[in-house]
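Just below is one structure, and these are the notes that go with it.
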Amino acid sequence: MKNIEAILNKKYHKKIEKLSIYRDKLKQMQITFKEYGIACVVKDEWSFYQLETIYEGILNKKAFEDTYLTTYVDMHDFWADLDYQERKHQMNVDIDQMRKELKSFPYAGEDMYIPMFDVRMNRLYTKEIVLLELKQYKRFINSFQDVIIENAYGVLPYMYNFSSCLYICGDDHYFALYNPDVNRLYFIENFHCTHTLNFDSMRSARSSFEEIKKIAECFMKNDEAGCTRAIMESELIVDSMKKKLEKYLKKITKKTEA
């Protein structure tokens, strides 16, 4: 499979850092991470997507906290007269309404909104956010580096749009992502990017999800001939490249038959 990867990448690889949409997003992420004292080190494209899931989680976290503070201020005059259950109920009415608009993913029968936090911390924000008035929990508003867990929910954040890539197929151990902005497939094994397939960046809108999925599935099955055919049948590359791949397909077919 290295040959088909090399052929496509030599022709079509485009540096993602040249895209203004990437540069703008990275700048936003760096500003936000710095605000919370979190390192934002982009080693490669895959690390950028991983950091994106944390960034989106921070935005969700802040949305919860903003709602909490607004509700607390609105209820300040009679807050002291309420017991814990009354405070929790009043607070969760606004929280439940707000969180309908946020990105989330299902896990263990609950909706997770902050992918870098464990279930207990997510539950604090969705069900027990009134606890933020206590000193031991209030500190998480501004300082939470010590409770960040990378890849806590496997592939789920990528399946539910916490990164700019589209989830194509696979499981926690091996999955494929696709970025239409650069028309590139990424293959992630045990949370390391091991392979990429690049296509014509001007033709990303011409191919369907099913075509991309077929290519990814063949690649992940190590079916080089099937992968090559799927690429040739798609609109992801120009005709001249299809002719080149046709020659390559004949070559690998002969080897298989020999």
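Ring geometry, Y158 versus W46: the interplanar angle falls from 30° to 60°, so the pair is classed tilted.
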Requested in this report: Tell me, with the steps shown, if E65 and K61 meet salt bridge (charged side-chain N to carboxylate O under 4.0 Å, His left out).
Outcome: CA-CA 6 Å; E65 291 161 355; K61 175 179 175 293; 2.6 Å; yes

Report task. I would like to know whether Y12 and F199 meet ring-ring contact (aromatic ring centres under 6.0 Å, His included); could you show each step before the answer? Result -> CA-CA 5 Å; Y12 291 124; F199 309 107; 7.6 Å; no

Report task. Take E235 and S207 through the side-chain hydrogen bond (donor to acceptor under 3.5 Å, both in side chains) test and state the conclusion after the steps. Result -> CA-CA 5 Å; E235 293 299 321; S207 195; over 6 Å; no

Requested in this report: Take M116 and I58 through the test side-chain contact (heavy atoms from CB on, under 4.5 Å) and record every step on the way to the result.
Outcome: CA-CA 9 Å; M116 69 283 192; I58 291 174; 3.6 Å; yes

Report task. Start with the C-alpha distance between C227 and L197, add both sets of side-chain angles, then the distance that settles side-chain contact (heavy atoms from CB on, under 4.5 Å), and finish with yes or no. Result -> CA-CA 11 Å; C227 183; L197 289 180; 4.2 Å; yes

Query - side-chain hydrogen bond (donor to acceptor under 3.5 Å, both in side chains) evaluation trace for T196 with N9 - result: CA-CA 8 Å; T196 60; N9 293 359; 3.3 Å; yes

Report task. For side-chain contact (heavy atoms from CB on, under 4.5 Å), just list the numbers for Y22 and F48, CA-CA rounded to whole Å, side-chain angles, deciding distance to a tenth of an Å, and then say yes or no. Result -> CA-CA 9 Å; Y22 168 88; F48 172 79; 3.5 Å; yes

Query raised in the report: Where do M112 and V119 land on the side-chain contact (heavy atoms from CB on, under 4.5 Å) test, with the steps shown first?
Result: CA-CA 7 Å; M112 300 292 121; V119 173; 4.3 Å; yes

Requested in this report: Go through E133 and R87 one step at a time and tell me if the salt bridge (charged side-chain N to carboxylate O under 4.0 Å, His left out) criterion holds.
Outcome: CA-CA 11 Å; E133 67 177 315; R87 292 176 182 179; 3.3 Å; yes

Report task. Walk me through it: do Y49 and Y186 pass the test side-chain hydrogen bond (donor to acceptor under 3.5 Å, both in side chains)? Result -> CA-CA 11 Å; Y49 302 136; Y186 303 85; 2.8 Å; yes

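With rounding to the nearest 0.5 angstrom, the CE atom of M241 is 12.5 Å from the OH atom of Y248. The line from CD of E86 to CE of M75 is 9.0 Å long, rounded to the nearest 0.5 Å. Atom OG of S208 is separated from atom CD of E211 by 4.0 Å, given to the nearest 0.5 angstrom. Rounding to the nearest 0.5 angstrom, the gap separating the OG atom in S201 from the NE2 atom in H13 is 11.0 Å. Distance check: K244 NZ to L249 CG gives 15.0 Å after rounding to the nearest 0.5 Å. A distance of 15.0 Å separates CD1 in I129 from CZ in R123, rounded to the nearest 0.5 Å.
Residue R203 comes nearest to I237 through the heavy atom pair NE-O, 3.3 Å, listed as atom of the first residue, atom of the second, then distance. The minimum heavy-atom distance linking I54 with F33 is given by the pair CG2-CZ, 3.8 Å. Nearest heavy atom pair, residue M98 against residue L102, reads SD-CD1, 3.6 Å. The two residues V155 and D172 have their closest heavy-atom pair at N-OD1, 2.9 Å. Considering all non-hydrogen atoms of both residues, L51 and A39 come closest at CD2-O, 4.4 Å. Y174 approaches M220 most closely through the heavy-atom pair O-CE, 3.4 Å.
A donor-acceptor pair under 3.5 Å links the side-chain atoms of Q145 to the main chain of Y36, judged by distance alone. The closest donor-acceptor contact from the side chain of K62 to the backbone of G57 lies at 3.5 Å or more, if one exists at all. At least one donor-acceptor pair under 3.5 Å links the side chain of N122 to the backbone N or O of I114. Of the possible polar contacts, none joining the N92 side chain to the I95 backbone as a donor-acceptor pair under 3.5 Å is found. Remark: side-chain polar atoms of D223 are paired, donor with acceptor, to backbone N or O of G226 under 3.5 angstrom. In this structure, the side chain of S204 does not engage the main chain of N183 through any donor-acceptor pair within 3.5 Å. Distance alone, capped at 3.5 Å, places no donor-acceptor pair between the S143 side chain and the R139 backbone.
With a 4.5 Å cut-off on side-chain heavy atoms, L177 and I168 do not count as touching. Residues V182 and N198 have side chains not in contact (no heavy-atom distance under 4.5 Å, counting atoms from C-beta outward). The side-chain heavy atoms of V73 and W79, taken from C-beta on, include no pair separated by under 4.5 Å. A 4.5 Å side-chain heavy-atom check between D111 and T126 finds every atom pair outside the cut-off. Side-chain contact between L124 and K127 is absent, with no heavy atoms from C-beta onward closer than 4.5 Å. Between K213 and E217 the shortest side-chain heavy-atom distance falls below 4.5 Å. In this structure, the side chains of V41 and S47 stay at 4.5 Å or more apart for every pair of heavy atoms. Side-chain atoms of Q28 and Y55, non-hydrogen and from C-beta on, do get closer than 4.5 Å to each other.
Both Y178 and F209 sit in one connected hydrophobic cluster of ILVMFWY residues. Membership requires side-chain heavy atoms under 4.5 Å apart, directly or through other members. I215 and F175 fall into different hydrophobic clusters, where Ile, Leu, Val, Met, Phe, Trp and Tyr are joined by side-chain heavy atoms under 4.5 Å apart, directly or via other members. When the side chains of ILVMFWY residues are joined at heavy-atom separations under 4.5 Å, either directly or via intervening members, V93 and L69 end up in two distinct hydrophobic clusters. I16 and L185 are assigned to two separate hydrophobic clusters, defined by single-linkage of ILVMFWY side chains at heavy-atom distances under 4.5 Å. Residues L19 and M202 do not share a hydrophobic cluster, clusters being chains of Ile/Leu/Val/Met/Phe/Trp/Tyr side chains in contact below 4.5 Å.
More than 12 non-hydrogen atoms from other residues, nucleotides or ligands lie less than 6.0 angstrom from CZ of F144. Atom CD of Q136 has more than 12 heavy atoms from other residues, nucleotides or ligands within 6.0 Å. For E150, the CD atom is loosely surrounded, since the number of other residues' heavy atoms within 6.0 Å does not exceed 12. The environment of K242 atom NZ is dense: over 12 non-hydrogen atoms of other residues, nucleotides or ligands sit within 6.0 angstrom. Atom CG of L134 has more than 12 neighbouring heavy atoms from other residues, nucleotides or ligands inside a 6.0 Å radius.
Look at K88 and E128 and you find a salt bridge, because one of the NZ, NE, NH1 or NH2 atoms lies within 4.0 Å of a carboxylate O, short of that distance.
Each of F162, Y167, Y113 was evaluated against F105; a single residue qualifies, F162, per the ring-ring contact (aromatic ring centres under 6.0 Å, His included) test.
The side-chain contact (heavy atoms from CB on, under 4.5 Å) search around A152 returns I149, not counting sequence neighbours.
Sorted by first and then second residue, the side-chain hydrogen bond (donor to acceptor under 3.5 Å, both in side chains) pairs involving residues 67-76 (not counting sequence neighbours) are T71-D94. Each salt bridge (Lys or Arg N to Asp or Glu O under 4.0 Å) pair with one or both residues in residues 42-57, not counting sequence neighbours, appears once here: K25-E52, K25-E56, E45-R184, E56-K103.
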